[in-house]
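Working notes, beginning with the structure itself.
Quick caveat, the model's predicted, so the values are computed rather than measured. Heavy-atom basis, side chains included; hydrogens, waters and symmetry copies ignored. Below, chains carry the letters A, B, ... as their sequence lines are ordered, and counting in each starts from 1.
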Amino acid sequence: MQNHILSIILFTPLVGALVLLFVPKENKDAIRWIANFFALGGFLISLPLVPMFWSQINSPERFKFIEGVPNNWIPSIGAGYVIGIDGISFLLIMLTTLLGWISILSSWTAIEVRVKEYYVWFLILQTGMLGVFMALDFFLFFVFWEAMLVPMYLLIGIWGGPRKLYAAIKFFLYTLAGSVLMLLGILFLYFHHQHLTGVYTFSLTALYETAPKIYSDPAYGPTIATLLFFAFFFAFAIKVPMFPFHTWLPDAHVEAPTAGSVILAGVLLKMGTYGFIRFSLPFFPGVMWNPATFLHLTVRGWMITLSIIGIIYGALVSLMQKDMKKLVAYSSVSHLGFCTLGIFALNSAGLSGSVLQQINHGISTGALFLIVGILYERRHTREIAEYGGISNVMPVYATITMIMFLSSMGLPLLNGFVGEFTILQGTFMENWRWGAWAVPGVVLAAAYLLWLYQRVFFGTVTNPKNEKLHDLTGREVLTFVPLLILAFWIGLYPKPFFKILEQPVNQIVQNVRAPHDGDAVNAAVEHEITAAPVATTAAVINPPAAVQPAKGKQ
Amino acid sequence: MGVLSQFTASDYLMALPMTLLAVFALGILLIDLMLPPEEKWVNALLAFVGVLFATKGVWTIQQWMHANVSVSKGAVGMMGTMLMNPCAIYFFYLFLAATAISILMSARYMKTEHENHGEYYALMLLSVVGMMCMAAGIDIVLIFIGLELMAISTYVLVGFLRRDRRSNEAALKYLLLGAFSSGIFAYGLSLLYGLTGSTSLIDIGRGLASIYAKDPHNPVAIVALLTTVTGLLFKIAAVPFHQWAPDAYEGAPTCITGFMSVAVKAAGWAMLLRIMGATYPTFPNAVLGLAAMRPVYVPLFVFVSIATMTGANFAALTQTNTKRLLAYSSIAHVGYMLLGLIAGTPTQLSPDGIKGILIYLLVYTFMNLGAFGVLTSLRHRNVIGDELDDLNGLYSRAPVEAVLMLIFLLSLAGIPPLAGFWGKYFIFLSLIETGHYALASLGVLYSVFGLYYYLKMANAMFMGQPEERGLLPVSWTMRAALAITAFATLFIGIMPDRFINLVNWSLIIQTSPVARLMR
C-alpha cells in the first residue's frame, strides 16, 4: 500500500470511469451513485497520504513515495512511468481529490442530460490532473498535461452554456498552443542532457542536474536559456493565466457547467503555477538573474510586471461585471496574479505564500463558483441585477457566502489573508515598489466582492421571482463543509502547511538563488560548492542527495 | 529462356508476395464471372485471403533475411532491379495492412453503392503489386513501372462509381494530372539516365556525386533534380502540386479515399525515400540516389513543406465536406513529414528524420484509415452524405463510431497518448536534434492550427443536434476494421516501444544508449 499509494490515488477515478461504461445510460441514479462513490473514494483513499507524508516530512529525499524507475515505460526514447511527490505537489494533490469529490457531488441535480458521459469524462479528467502533479518524468508529465485537455474540452462543449462551442475550442486551442512549444523545449533539454552525459532520458531528477548548465554553457549561453525559459513560459502562463494570455479564461468559465468551473479554477489553473515552480525555476535559475533587458525590464521584471498588471486589471474588470460568474472568473486572474508574484519574488516567503495562496484560491474560488452555481440552478440567470435581498429568503446560503467572500478577499483569521500576507511579505523583502503596486489588489478585491454581496444579498427582495427560493439542501451544505473547515484551519493555524512546504520551497529557493548570491556564472554549474555560504535551514539538504535515485539506476 | 536462367531461388523468393497478389487478382477476375450477384462477397474474401498469403510471403522473406547474415541488411535481386532490405519489408507490411483494412471497409460499401464487382478487389491487389515494386525497386525502370501499375489501378478505382458524376470527374482529373506528373517524373528520370548512363539508383547516386563534386551548379543535374522531385511531390500531394488530391478524394468511393490516403501515399513516400537516398543498407553513410544533391534540394523542401503546412491547414479551415477536409488534413500531414527530410546537416540526412517519417506513415495508416472507415460506415443510401452537417449529433445515433472518430481525430491532431503524437514527436525531435528550431516551432504551431478543423468535426458529432433519430447499422466487417484501427491507434500511442524498435530495425539504426542501459 505504502509503495503504491500514489498509483492507487491516480487510477481510482479512472477505474470509476471504466466501471461507469458498463452501466446502462438510462439508469441515471445508479450512475450518479457510482460516480460519487468513486469520487468520494478517491478523496478518502488520498487521506492516508496525510499521515504518511507527515511522518516523512523531515526525510532528506526531495521526492517521496517514488514509484517506478526511469525509462521503464518507453526504453527506446528514455521515458518512464515515474511518479512521486514533494510538499508542493502533496498539497495540490489533496486539493485535487477534495475538489474533484465536491464538484462531482455538486453536479447531482445540475446535470440532467447525457449523465453517464458527464461522469465518465469528469473522472478521466480527475486522473489527468492528478497525473500532472505526480509525474516525475517530463514525458509522462507532458502526456497528462495534454491528455487532460480533452475531457475538459468536452465538459465545456457538451454541458456548457449558450456559447459553449466557442469557449470549448478557444480553451483547447489556447492551451495546446502554449504546450506545443513546451514540447520543443523539453526535447531541447533532452538532447542537452544526452550531450552532457551520453544518456537519453526524460527523468526529471536527471534533467535538474543538467538543465541549469545551459545558461553558463558557452555553446548556448544566456540567450538560448532565456528563449527556452519562454518556450516553457507560454505553456504555463496561458494556463495560469497571466495577464495578456487570460482571454480564454472568462469564456471558458462562463460557459462551463458549475462543476467544470470549480475544477477549472480550483485545479487546472494551478497547473500553470505548478509548472513555474516545478520546471521553470529549477531549470533556468540563471535566466531569473539575466541582466539583459527588453523594454527596460529584465525577464524577472517582466514576470513581476505581468503579475501586477494581472492583479490590478483582473480586479478592475471584476468591479464592472454584470454577470456573477464572470466576476468570479476575472477575480481568478487577479488572485493568480498574486500567486505568480510570489513565485517570482524568488524567496521562501514569496514561494511558500504562493503555494498556500494556490490552495486558498482553490478553496475560496471553488466555493464561489459553487455559490454562483446554486443560485443559477434555482433561477437560471447569473445577472447581478436580477437579484437583491437574497439573505432574507436563503439565510444559510447567505452566511456561507459571506464567509467565503471574506476568505477570498483576504480577511484575517481566514485562509486568504495568510496567503496574500506571506506573498506580500516576500515581495516587500525583494523590492518595496512591487509590493506597493500589488497591495491595491487586496483593496479592490474587498471592493468588488462586498459590492457584489451588497447587491445580491442585502436589502429587500425586489424581484418577485426570488421570493420563493428555497435554502440550501443537505447535499449542498455538505459540499461547503470541507471548504469551510479548511478556510478556517488555514486562517487560524497555517503552521502545518508551511511546515509541509518548507523543505521543497527552501530547496528551490536555494537553487534559484545560487547564481545570484554566488558568483553569477559559476554558481549555476558548481552550486554544490557555492551553496554553502547561503546557509538556510535547507542547506543541510545536499542537492546531490536529491538526484541520487537517478544516479543509482545508471 | 536465356534471361530466365539468370534467376535464382532468391529472386523468386523476393517476388513471392507480388506473384501471390497478382495470382489472386487474376483469380478474382475469373471467379467473379461465375458468381451470382448476391455472392459477390466471395471476391472480398478472396482478396483478403490473398493479402494474408502475401503477408506470409513477406514473412518468409524476412525469415530468410534473418537466417542469412549475408543478406540481413539487404539483398539485391531480380537482375539488379530490386533491393530487398528491412525498410522495403516494413513498407510491404504497411501496404498489406492498409489493404486488408480497406478490403474490410469496402465489402458493405460497394454493395450499398450497387457496384460490387470483382474488378474492384483485383485492381486493389494489383495496385499493391505496383506499390511493392516502388518500395523495393532500386532501378528507375522498375520503380516507374510500379508507379504506373499502382496509378492506373487507382485511376480506375477512383472512378469506380460509374453512375456518380463526381466520381467520374474525380477519376478524369486524377488521370490527367497523374499522367502529367508521371510525364514530368519520367523526364527527370531520363535526364538522370542521360547524366550517369545507368538506370540503377546505385550507379546514378555515384554518378551524381561525382558530377556534383565537379560542378555544384551543373544545369542538367539541377533540371533533372527539379523534374524528378516535382514528379515525386505530385505523387505525395505536396503544395503546390496538391490540387488533384481534394477532388480525387472527394469523388472517389470513401473506402478508396481511405486506401489512397494511406497506402498510395505510403507508396509515394517509399519511392521518394528510395530516390532521395534514404532507405539503403548503407544509409546514412554512402550517398545514393539523389542524396548527393542534398544542398540543392534542402531549400526546395523547406519551401515546399512550409507551403504545404500553410496551404493545407488554411484550406482545411473552410471545408464543409468531411472528405475534402480530411484530404486537406492529409496534405498537411505530408507537410509535417517533409520536415523529416529537412532534418540533418546540409549534406546528410538525419536517420532520426527518416525514422520520424516511417513512424508517421505507420500511425497515419491506422488513424486515417480509421477516420475514413467511420465516414464509410455512415454511408447508407440517402441517409448520410459527406457534408460536415451530416455528422451532427452522430453521438446519439452511433455512439461507438462517434467515440472512435474522436480518437482518430485527436490522434490526427497529435494529442498524446494517441498514436498520431508519435509521428509528430519523432519529426520534431529530429528537427530539434539537428538545430532547426524555427522550422520546428512553425511545425508545432501549425499542428495547433490543425486541431481546429478536427475539433469542428468533433463538435458536430458530440455537440450538434441530429436531424433524424435512430441507430445506424454497421456491418461486422466494418466493425472489425474499426476495431483494428482503433486498437492500433491506442496501442501504438500508449506502448510505442516495440514499434519504435521495429522502425529502428527497418532502418538498421543502433538502439540508443538508454536502451542499452536498461537491458
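Between the side chain of B/Ser411 and the main chain of B/Gly420, a donor-acceptor pair closer than 3.5 Å is present.
For A/Thr201 and A/Tyr190, the side-chain atoms include no donor-acceptor pair closer than 3.5 Å. B/Ser447 and B/Tyr336 form no side-chain donor-acceptor contact under 3.5 Å, judged by distance and modelled atom types alone.
Looking only at heavy-atom pairs under 4.5 Å with chain B, the residue among A/Leu184, A/Ile158, A/Leu227, A/Leu181 that has the most is A/Leu184. When A/Glu146, A/Lys164, A/His195 are compared by the number of non-hydrogen pairs under 4.5 Å with chain B, A/Glu146 comes out ahead. When each of B/Ala413, B/Ser441, B/Ala458, B/Gly443 is scored by its heavy-atom pairs under 4.5 Å with chain A, the top score falls to B/Ser441.
Residue contact with chain B, scored on non-hydrogen atoms closer than 4.5 Å, is absent for A/Tyr174. Both the backbone and the side chain of A/Phe188 come within contact range of chain B, with heavy atoms under 4.5 Å apart. For chain A, no part of B/Leu418 is nearby; none of its heavy atoms comes within less than 4.5 Å. For B/Leu455, the parts lying under 4.5 angstrom from a heavy atom of chain A are both the backbone and the side chain. Heavy atoms of A/Leu183 lying under 4.5 Å from chain B belong exclusively to its side chain. Contacts of B/Phe426 with chain A are made by side-chain atoms alone, with heavy-atom separations under 4.5 Å and no backbone atom involved.
Using cut-offs of 30° and 60° for the angle between ring planes, the A/Phe138 and A/Phe283 rings count as tilted.
Partners of A/Ala256 by side chain to side chain contact (heavy atoms under 4.5 Å, CB included), not counting sequence neighbours, listed by chain and number: A/Ile156, A/Ser261.
Among residues at least two apart or in separate chains, side-chain hydrogen bond (donor to acceptor under 3.5 Å, both in side chains) pairs with a member in residues 450-463 of chain B are A/Tyr153-B/Asn459, B/Asn313-B/Tyr453, B/Ser329-B/Tyr454, B/His333-B/Tyr454.
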query = A/Asp137 and A/Ser203: side-chain hydrogen bond (donor to acceptor under 3.5 Å, both in side chains), yes or no, with the steps?
reply = CA-CA 5 Å; A/Asp137 183 280; A/Ser203 162; 5.7 Å; no
